Structures are given as structure tokens and as C-alpha cells.
**Student:** 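Take a look at this one; I'll ask things after.
Not measured: the values here are computed from a predicted model.
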There are 2 protein chains.
Amino acid sequence: MPDTTRRADSLPGNRYGNRPTMKDVAARAGVGLKTVSRVVNGEPGVTPDTERRVQEAIEALGFRRNDSARVLRKGRTASIGLVLEDLADPFYGPLSRAVEEVARAHGALLINGSSAEDPEREQELALALCARRVDGLVVIPAGDDHRYLEPEIRAGVATVFVDRPAGRIDADVVLSDNYGGARDGVAHLIAHGHRRIGFIGDMPRIHTAAERLRGYRAAMEDAGIPVEDEWMSLGATNPERVRRAAEEMLSGPAPVTAIFAGNNRVTVTVIRVLAERTRPVAFVGFDDFELADLLQPGVTVVAQDAAALGRTAAERLFRQLDGGLVAPERVELPTRLITRGSGELPPAD
Amino acid sequence: MPDTTRRADSLPGNRYGNRPTMKDVAARAGVGLKTVSRVVNGEPGVTPDTERRVQEAIEALGFRRNDSARVLRKGRTASIGLVLEDLADPFYGPLSRAVEEVARAHGALLINGSSAEDPEREQELALALCARRVDGLVVIPAGDDHRYLEPEIRAGVATVFVDRPAGRIDADVVLSDNYGGARDGVAHLIAHGHRRIGFIGDMPRIHTAAERLRGYRAAMEDAGIPVEDEWMSLGATNPERVRRAAEEMLSGPAPVTAIFAGNNRVTVTVIRVLAERTRPVAFVGFDDFELADLLQPGVTVVAQDAAALGRTAAERLFRQLDGGLVAPERVELPTRLITRGSGELPPAD
DNA sequence: CGCGCATCTGACAACGTTGTCCAGGCTCTA
DNA sequence: TAGAGCCTGGACAACGTTGTCAGATGCGCG
């Protein structure tokens with residue numbers, strides 16, 4: 001007759017420390033399994049004396065509830081996933097921190113991963129998170145087709161996209177006003193007398209990059225300035241490439257007198273290039289950064305509020321979870337032009 | 001007679017979309033449950049024809065394996081937890097990114113949370129992660145007593161502490177050479193002729209802060225310079241407080257001629273204060289930061305390699321997991337003095 | 001034609017928890 | 001003191017998956 005009352009001790013050591021379970025606690029406390037569950041979950045209907053006995057057993061055995069089993073039973077994991085582009089990017093730090101704070105306020109944990117701007121990796125990550133049955137997903141898209149998430153969303157995974165819109169599906173999206181911000185930044189340069197203005201941005205397949213480029217073009221058009229092809233660099237944003245692009249724009253017979261940088265990584269490199277030159281070149285960058293005010297001259301930027309992006313997205317996520325489904329919305333947060341000197345330099349013609 | 005063959009459809013909607021299970025897939029494909037499991041896990045022993053039928057059913061139903069159940073069965077979650085101080089701190093970005101990369105290479109996901117320098121919150125987070133049965137834990141300690149993790153470690157949760165040592169338990173620790181770095185930085189100032197050198201650091205209950213303070217004292221002592229109490233500020237590092245501390249050191253009859261900052265946040269504020277002054281004051285900061293070279297003068301720093309800290313810690317973690325238990329070790333990574341100008345200013349006496 | 005063997009498949013239990021439901025003991029009142 | 005009702009505690013099934021094991025099927029060979 002096989003003994004089924006206790007798990008076989010002959011199991012190979014695939015499970016590490018053989019943690020105590022509620023059953024063990026119950027045995028030690030001399031109570032039923034469900035009573036332990038009640039104590040652990042603070043449910044009513046346990047006499048103080050029984051509770052004390054159970055607590056002692058828990059203490060003695062070092063018991064900790066297995067949330068995997070709990071999740072399996074309850075159907076909610078109290079955790080949300082965050083797929084972003086790069087945890088190490090200073091722009092995403094405050095964003096994920098904000099998401100985390102909101103999650104914490106709702107008693108949820110945050111699982112996150114970096115897509116490294118690779119659509120496949122984004123998908124792999126997002127689906128892995130779904131397999132863990134996260135309650136919701138905040139995604140900073142790397143790809144432009146998110147139909148792979150349709151079954152998940154239908155199955156009840158709350159989903160919000162941030163920073164860039166979802167591709168080919170209808171979902172909540174929280175964005176900065178990339179178009180307006182870039183337009184304002186470039187208009188600012190134009191207002192200070194510039195006409196030959198360079199734009200260095202990321203690949204236009206990235207939505208934010210495309211929008212900012214559109215803002216640049218709009219500002220130029222509004223001012224009646226035809227844009228020359230050599231004034232624009234739209235490609236990878238590794239330092240070497242950006243450096244080369246900046247140097248090309250700044251040389252030749254009719255160099256640009258001002259540069260607008262499409263994101264924080266570009267900004268850093270362009271500032272390096274400009275610092276090596278003697279002729280002053282006006283500069284405005286998208287994204288604020290620490291110590292921008294202490295450089296000489298201070299760096300004028302179009303700032304977006306990364307924390308607000310994260311917070312807004314996470315709040316929408318939990319609204320989906322708490323209040324049932326709401327119609328997908330597109331929220332656009334304003335940007336702010338911060339003048340510090342570099343954007344107010346006159347053209348050195 | 002109750003029908004137990006299928007879960008009751010009368011369940012209240014506590015479970016959202018009622019996702020399909022392997023059972024559903026099996027029913028649709030007209031095969032057994034275990035066969036579906038075999039297909040999903042790529043186990044051998046399934047005819048191509050059967051496999052195709054199963055795949056089609058999976059596709060049609062939008063099935064995705066429930067990892068919670070899998071974890072419950074297998075005992076390993078393929079996820080590790082990271083408890084850090086603040087996701088938004090630029091120092092921890094690269095660190096967590098490095099941990100994530102290593103985790104990814106081992107097929108594991110990363111769950112992380114910020115303790116906000118609060119020991120209780122650290123404990124709460126770490127234990128929540130253990131309840132999720134993470135396979136391992138990377139902790140940047142906020143508190144100085146980690147005995148609460150003893151049962152978990154005994155139960156097989158691999159654990160590595162980074163940036164600061166564990167308190168009151170024996171565990172793997174990966175640190176920067178805070179003492180040596182600070183000593184070198186201060187010695188550098190002394191070598192450039194300074195004797196009245198200020199130190200602004202965090203609360204000494206934080207290990208790194210205490211070690212850096214020790215390095216400062218050691219350098220001063222080595223040079224035979226008695227340290228005055230007014231030269232040291234050891235407290236919270238909010239901007240107001242740091243600003244006040246810096247301004248006090250720089251005024252009075254015998255002001256300091258150089259300042260050593262204990263971490264990146266202090267550095268930022270001190271640089272602000274120094275930028276407002278006309279008299280040049282030499283400066284060295286602990287922790288490198290972006291654009292430090294572009295300030296006037298460039299900022300000399302003692303740099304630690306955050307990514308290396310994270311990578312080393314995560315690698316040790318997985319070594320624990322793969323190779324069974326190894327004796328706990330304390331690894332100390334060297335720091336690097338990067339001279340850029342601010343630390344080489346002569347004393348303005 | 002029958003037997004053995006290899007291959008493929010499925011029934012069943014178990015993982016650790018929670019929800020349901022019932023039993024037993026107690027108190028309170030008539 | 002008996003009956004009703006309440007309070008506490010426990011037995012049992014279920015969550016969705018995987019490991020074990022045995023049954024079914026088909027094939028080759030004697």
C-alpha cells in the first residue's frame with residue numbers, strides 16, 4: 001500500500017531546501033490545514049490560543065507562504081510587468097521608479113526587463129511576463145506591431161503603452177507631446193535668428209523620433225525655411241555616428257548655426273562636439289538631464305516628465321484592473337521648454 | 001450527482017478571461033492532457049501529425065502555459081529578485097541592467113523593487129520576493145541586520161549582497177573598495193597642496209558612507225593633518241542640508257580649500273555651490289557621472305564600476321544556483337581615480 | 001501467424017494553497 | 001435541562017501543470 005499521506009522523501013534533490021508547508025505547520029501546531037491558512041491570511045474565526053500555537057509553529061519552522069500556489073488558486077498575481085528599452089538609460093530610471101511606486105501603492109510587485117530596442121526581444125519578454133500571469137503590462141514599445149498581445153489582452157491582461165504608441169492594436173497609450181515639443185524647441189531657435197538649423201535624431205521607425213522630426217519640419221515650414229537634406233541626420237544614435245553627423249553639418253560652405261538634438265543620448269554627444277569648437281553654435285536638446293544648468297553655456301532643453309509618464313501609465317493600468325474595462329485612450333503629456341543659454345545664442349554667421 | 005469533469009461555469013468572475021488550459025487544448029485537439037504538455041515543452045515522443053494538431057489547437061485558443069502552475073510543480077521559478085535603493089538613481093541603472101543581462105543569459109527574469117533606504121521596506125520586499133519563490137536574491141542593503149533572511153537562505157534561496165555588506169549573517173558580498181577609493185581621492189587633494197579638506201558624506205550608519213569617511217580620515221592621518229570637526233558633514237544628503245554644510249565649510253576665518261564629496265548626490269549639490277563662488281575650490285567626488293568632463297573645470301572623481309558590481313553579484317548568484325553551495329565570499333572591486341581638473345586646483349590660500 | 005519490442009499516448013497523482021461546507025462543542029435562553 | 005444558534009476547526013476538492021507508469025499500437029522477425 002503506497003503511503004500518500006506525506007510526500008516521498010526519496011525525491012531526488014530537485015527541490016532545494018524542502019521548505020515547510022502549511023501542512024507541516026498544521027501538524028506541528030496540532031491543528032487542521034485550513035486553520036493555518038486562516039491565521040496566515042488573518043481571516044476571522046480562530047481563537048487567540050489556537051492562533052498563538054500556529055504562530056509559534058510558523059516561527060519555529062521558518063514557514064513562508066508559497067505565493068505560486070496562492071496565485072494558482074486565486075488567479076491574480078499582484079504583480080505587473082514593465083518592458084522598457086534600457087534600464088540603464090537615465091530617462092527610464094524615473095519612469096520605472098514611478099511605475100513601481102504606483103504598483104506598490106496597489107500592493108503589486110514589478111517585474112521588468114529591457115528589450116534593447118529589439119522588437120523580437122520585446123515580444124519574447126512581454127509573453128514571458130504573460131506566462132507568469134502578471135495582472136498587467138506596461139510596455140515601452142520597441143516594435144511596431146503588437147498584435148501578438150491580442151489574445152493576452154482578451155484574456156484580461158491590462159495593458160498600457162508608454163512613450164511610444166502601440167502598433168496595429170487598439171490600446172491605452174501615454175505619450176509626451178513629441179511633435180509639439182520639438183516644434184517649440186526649433187521655433188525657439190528660429191526666434192533667436194537662426195535659419196540653418198540641424199536636426200540629429202534617431203531612426204524614424206521609432207515613433208518618438210518620427211514625431212520630433214515632424215515637429216522640426218513643421219517649425220521650419222511655419223517660418224518659411226526650406227530644409228536642406230544635409231541638415232538632417234536620422235539614424236542610429238551611437239556616439240561615433242552622431243559625432244560624424246554633427247561635424248558634417250558644422251563644416252562646409254554653409255554650416256548650420258544651430259542644432260536640435262532628438263534625444264538625451266544625442267545631446268550628450270553633440271555637446272561634446274560643440275565643446276571642442278570655438279565658434280559658438282546654438283543648441284536645444286530633447287530631454288532634460290542633470291547638471292544641464294552648470295555647463296557653459298547652460299543647455300536649453302525640451303523637457304519631458306518621465307516620472308509623470310510612468311505614473312500616468314501605471315494609474316491607467318490599475319484603473320483597468322479595478323474598474324473593469326474602459327475604452328482605450330491616448331493621453332499626451334505636455335513638454336516644457338527650459339531656457340538656459342545654449343538655445344539663446346545668436347547665429348554666428 | 002455533481003459534475004466534476006469541467007470547472008463550474010457558474011464561478012463568479014473572479015478570474016478574468018478564463019484562459020484556456022492544457023485540458024482545453026487537449027479536448028480540442030482530441031488528444032490527452034499529457035500530450036499537450038509534451039508538445040508545449042518540446043519533449044520527444046510525439047508524432048508529427050499529433051504535434052501539428054496540438055499546435056493548431058494552441059494557436060486557435062490562444063493558449064499560453066501558466067507558469068505559476070509550472071513553478072508549483074517544478075519548484076524553480078527561473079526568476080531572481082533585486083532589492084535596491086532607488087531605481088531612479090543613475091548609479092543603480094547600470095547595476096540593475098547588468099544583473100538583468102546575467103539573469104537573461106541564464107533564462108531568468110528579474111523582479112525588482114526599491115527600498116528607499118528604509119530597512120523595513122527592504123525586509124518587506126525581500127520577503128515578498130521569497131514568497132514568490134524567486135530562485136535567488138540580489139540585495140543592496142538598506143538595513144544592517146539581515147538575520148531575517150536566514151530561513152530563506154537555509155531553504156535554498158541563493159543570496160548575494162551588493163554595494164554594502166550583509167548585517168549579522170554570513171553571505172556573499174560584492175563591494176567597491178570604498179575605503180581605498182576615498183583615501184586615494186583625498187590623498188590626491190593632499191598631493192596638490194591642500195591641508196584643510198572638507199568631507200561631505202551620508203549617514204555613517206550606511207556602510208559605504210562609513211568606509212569613505214574612514215578613507216578620508218586615513219588619508220589625512222597619513223599626511224599628519226589633524227582633522228577639524230567643522231570639516232566633516234555626516235548626515236542626510238538632501239540638497240538643502242548639503243548646501244548648508246558646504247557653505248559653512250567655505251566660510252569663516254579658516255575655510256577649507258578643497259572638498260571631497262561622499263557620493264553622486266552630494267557631488268551634484270556641491271558643484272552647484274562651487275559654481276556660484278568666485279574663489280576656486282578644489283573638488284573630488286565619489287562616483288562618476290555623465291558629462292563630468294564637460295563642466296568647467298572638469299570634475300575629478302573616484303569612479304566605481306556599477307555594471308561590474310551588478311554583473312559580479314549576479315554571476316556569483318548563479319554559481320550558487322548551478323554549482324550548489326560555495327563558501328560565502330567577500331569580493332571587493334577596485335575604484336579608479338579619474339583626473340579632470342577640479343581635483344588638481346591648487347589651494348587658494 | 002504470433003511474439004517481443006519499441007514507440008506513442010493517456011490516466012493519475014502530486015505540487016501548496018484557498019473556498020466550500022459540514023461537524024462538533026459551546027453558550028444562551030426558555 | 002433541552003434546544004437553538006453561534007463559533008471554531010477540519011476534510012475535501014480545485015487551481016493548471018508535470019512526472020510516473022502502464023496501456024495501446026504497430027512493426028519486425030522468427
Side-chain angles (χ1 to χ4, degrees), chain A residues 2-12 14-16 18-27 29-51 53-54 61 63-78 131-133 155, chain B residues 2-12 14-16 18-27 29-51 53-54 61 63-78 131-133 155:
Chain A
D3 174 16
T4 60
T5 60
R6 199 66 193 79
R7 97 173 137 256
D9 280 333
S10 57
L11 260 185
N14 62 345
R15 195 173 307 268
Y16 257 28
N18 241 348
R19 277 168 167 282
T21 72
M22 284 194 179
K23 203 166 162 186
D24 300 321
V25 174
V31 302
L33 179 53
K34 180 64 207 201
T35 301
V36 176
S37 172
R38 271 194 270 264
V39 171
V40 169
N41 293 298
E43 286 172 31
V46 182
T47 35
D49 183 56
T50 310
E51 170 157 7
R53 285 216 316 285
V54 172
L61 295 174
F63 167 80
R64 186 160 319 283
R65 180 177 63 196
N66 184 332
D67 270 349
S68 295
R70 173 169 227 252
V71 159
L72 180 58
R73 190 60 235 252
K74 306 204 77 156
R76 285 289 190 94
T77 56
R132 305 270 156 136
R133 293 295 187 269
Chain B
D3 174 18
T4 60
T5 60
R6 196 69 192 81
R7 97 170 135 257
D9 281 332
S10 57
L11 260 186
N14 64 345
R15 197 173 306 268
Y16 258 25
N18 240 348
R19 277 167 168 279
T21 70
M22 283 193 178
K23 204 166 163 186
D24 301 320
V25 175
V31 301
L33 178 53
K34 179 66 208 200
T35 301
V36 177
S37 171
R38 272 193 269 264
V39 171
V40 169
N41 294 297
E43 288 171 30
V46 183
T47 33
D49 183 56
T50 310
E51 170 157 7
R53 286 217 315 288
V54 172
L61 295 174
F63 166 80
R64 188 163 315 286
R65 182 178 60 197
N66 185 331
D67 270 350
S68 295
R70 171 171 229 250
V71 158
L72 179 58
R73 192 59 237 251
K74 305 204 75 155
R76 283 289 190 96
T77 57
R132 305 268 157 139
R133 294 295 187 269

**Student:** Looking at the base of D/dT18, is there any donor atom on it, or on the side chain of B/R73, that sits under 3.5 Å from an acceptor on the other one?
**Tutor:**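 Side chain to base: pair present.
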
**Student:** Just to be sure I understand the rule, does A/D67 reach a base, reach only the sugar-phosphate, or reach nothing, if contact means heavy atoms closer than 4.0 Å?
**Tutor:**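 The residue A/D67 makes no contact with any strand.
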
**Student:** So for the helix from C/dC1-D/dG30 to C/dA30-D/dT1, with five pairs setting each end axis, what is the inter-axis angle to 10°?
**Tutor:**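 The two end axes of the helix from C/dC1-D/dG30 to C/dA30-D/dT1 meet at 50°.
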
**Student:** In whole Å, I'd like the distance from the NZ atom of A/K23 to the C1' atom of C/dT18.
**Tutor:**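 Atom-to-atom, A/K23 to C/dT18, this comes out as 15 Å.
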
**Student:** What nucleotide, of C/dT18, D/dG10, D/dT18, holds the atom closest to the side chain of A/M22?
**Tutor:**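 Of all the options, the side chain of A/M22 is nearest to C/dT18.
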
**Student:** Roughly how many Å is it from CG in B/L61 to P in D/dG16, rounded to a whole number?
**Tutor:**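 Answer to the nearest Å: 14 Å.
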
**Student:** Under the side chain to side chain donor-acceptor pair (under 3.5 Å) rule, collect the residues that match up with A/T35, sequence neighbours excluded.
**Tutor:**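 For A/T35, no residue satisfies side chain to side chain donor-acceptor pair (under 3.5 Å) once neighbours in sequence are set aside.
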
**Student:** Taking the side chain from B/T47 and the backbone from B/D49, do they hold a donor-acceptor pair closer than 3.5 Å?
**Tutor:**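 Absent.
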
**Student:** With a non-hydrogen cut-off below 4.0 angstrom, is A/G45 in contact with a base, only sugar-phosphate, or nothing?
**Tutor:**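 Touches sugar-phosphate only.
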
**Student:** Measure the CE-CG distance between B/M22 and B/L33 for me, rounded to the nearest 0.5 Å.
**Tutor:**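 Here the interatomic distance stands at 7.5 Å.
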
**Student:** Under 4.0 Å, heavy atoms only, any strand: does A/V40 hit a base, just the sugar-phosphate, or nothing?
**Tutor:**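 Since no nucleic acid heavy atom lies under 4.0 Å of A/V40, the category is nothing.
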
**Student:** Who are the salt bridge (charged side-chain N to carboxylate O under 4.0 Å, His left out) partners of B/R133, not counting sequence neighbours?
**Tutor:**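 B/R133 satisfies salt bridge (charged side-chain N to carboxylate O under 4.0 Å, His left out) with no other residue.
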
**Student:** Round to the nearest Å and state the distance from A/L72 atom CG to C/dC15 atom C1'.
**Tutor:**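 To the nearest whole Å, that distance equals 9 Å.
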
**Student:** Rounded to the nearest Å, what distance is computed from the CZ atom of residue B/F63 to the C1' atom of nucleotide D/dT17?
**Tutor:**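 It works out to 9 Å between those atoms.
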
**Student:** Do any side-chain nitrogens or oxygens of B/N66 fall under 4.0 Å of OP1 or OP2 in D/dC15?
**Tutor:**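 No, B/N66 has no side-chain N/O under 4.0 Å of OP1/OP2 on D/dC15.
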
**Student:** Do the side chain of A/R38 and the base of D/dG9 come within less than 3.5 angstrom through a donor-acceptor pair of N or O atoms?
**Tutor:**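 It does, because a donor-acceptor pair links the side chain of A/R38 to the base of D/dG9 below 3.5 Å.
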
**Student:** Has B/T50 got a side-chain N or O lying under 4.0 Å from the OP1 or OP2 atom of C/dT9?
**Tutor:**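 Answer is yes, contact under 4.0 Å.
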
**Student:** Does A/T47 reach a base, just sugar-phosphate, or nothing at all? Heavy atoms under 4.0 Å.
**Tutor:**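 Counting heavy atoms under 4.0 Å across all strands, the contact made by A/T47 is with sugar-phosphate only.
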
**Student:** Which nucleotide wins on minimum distance to the side chain of B/A69, given the candidates D/dG16, D/dT18, C/dC8?
**Tutor:**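 Given the options D/dG16, D/dT18, C/dC8, the side chain of B/A69 is closest to D/dG16.
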
**Student:** Return the value, rounded to whole Å, for the distance between atom CG of A/L33 and atom P of D/dC12.
**Tutor:**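 Distance, rounded to whole Å: 12 Å.
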
**Student:** At under 4.0 Å between heavy atoms, what does A/R65 touch on the DNA or RNA strands: base, sugar-phosphate, or nothing?
**Tutor:**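 If one applies the 4.0 Å heavy-atom cut-off, A/R65 turns out to touch the sugar-phosphate alone, with no base involved.
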
**Student:** Does OP1 or OP2 of C/dT17 have a side-chain N or O of A/S68 closer than 4.0 Å?
**Tutor:**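 For C/dT17, neither OP1 nor OP2 has a side-chain N or O of A/S68 closer than 4.0 Å.
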
**Student:** Between atom CZ in B/R53 and atom C1' in C/dT9, what is the gap in whole Å?
**Tutor:**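 Whole-Å distance recorded here is 11 Å.
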
**Student:** For B/R19 and D/dG16, give me the distance from atom CZ to atom P, rounded to whole Å.
**Tutor:**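 Rounded to the whole Å, the gap is 11 Å.
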
**Student:** Does B/K34 put a side-chain nitrogen or oxygen below 4.0 Å from OP1 or OP2 of D/dT17?
**Tutor:**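 Indeed not, no polar side-chain atom of B/K34 lies that close.
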
**Student:** State the CG-OG1 distance between A/L61 and A/T21, to the nearest 0.5 angstrom.
**Tutor:**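 Reported to 0.5 Å precision, the distance equals 9.0 Å.
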
**Student:** CD of B/E51 versus C1' of C/dG10: gap in Å, rounded?
**Tutor:**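 Value for this atom pair: 17 Å.
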
**Student:** A/T35 side chain: which of C/dG16, C/dT18, D/dG10 is closest?
**Tutor:**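 Within the option list, the nearest is D/dG10.
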
**Student:** Who passes salt bridge (charged side-chain N to carboxylate O under 4.0 Å, His left out) against A/R64, sequence neighbours left out?
**Tutor:**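 With sequence neighbours excluded, A/R64 shows a salt bridge (charged side-chain N to carboxylate O under 4.0 Å, His left out) to B/E152, given in chain and number order.
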
**Student:** Can you tell me how far apart CG (B/N66) and CZ (A/R132) are? Round to the nearest 0.5 Å.
**Tutor:**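 If I round to the nearest 0.5 Å, the distance is 11.0 Å.
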
**Student:** Kindly list each side-chain donor-acceptor pair under 3.5 angstrom involving residues 36-45 of chain A, sequence neighbours excluded, with atom names and distances?
**Tutor:**
from: A/S37; atom 1: OG; to: A/N41; atom 2: ND2; distance (Å): 3.4
from: A/N41; atom 1: OD1; to: A/R65; atom 2: NH1; distance (Å): 2.5
from: A/N41; atom 1: OD1; to: A/R70; atom 2: NH2; distance (Å): 3.2
from: A/N41; atom 1: ND2; to: A/S37; atom 2: O; distance (Å): 2.9

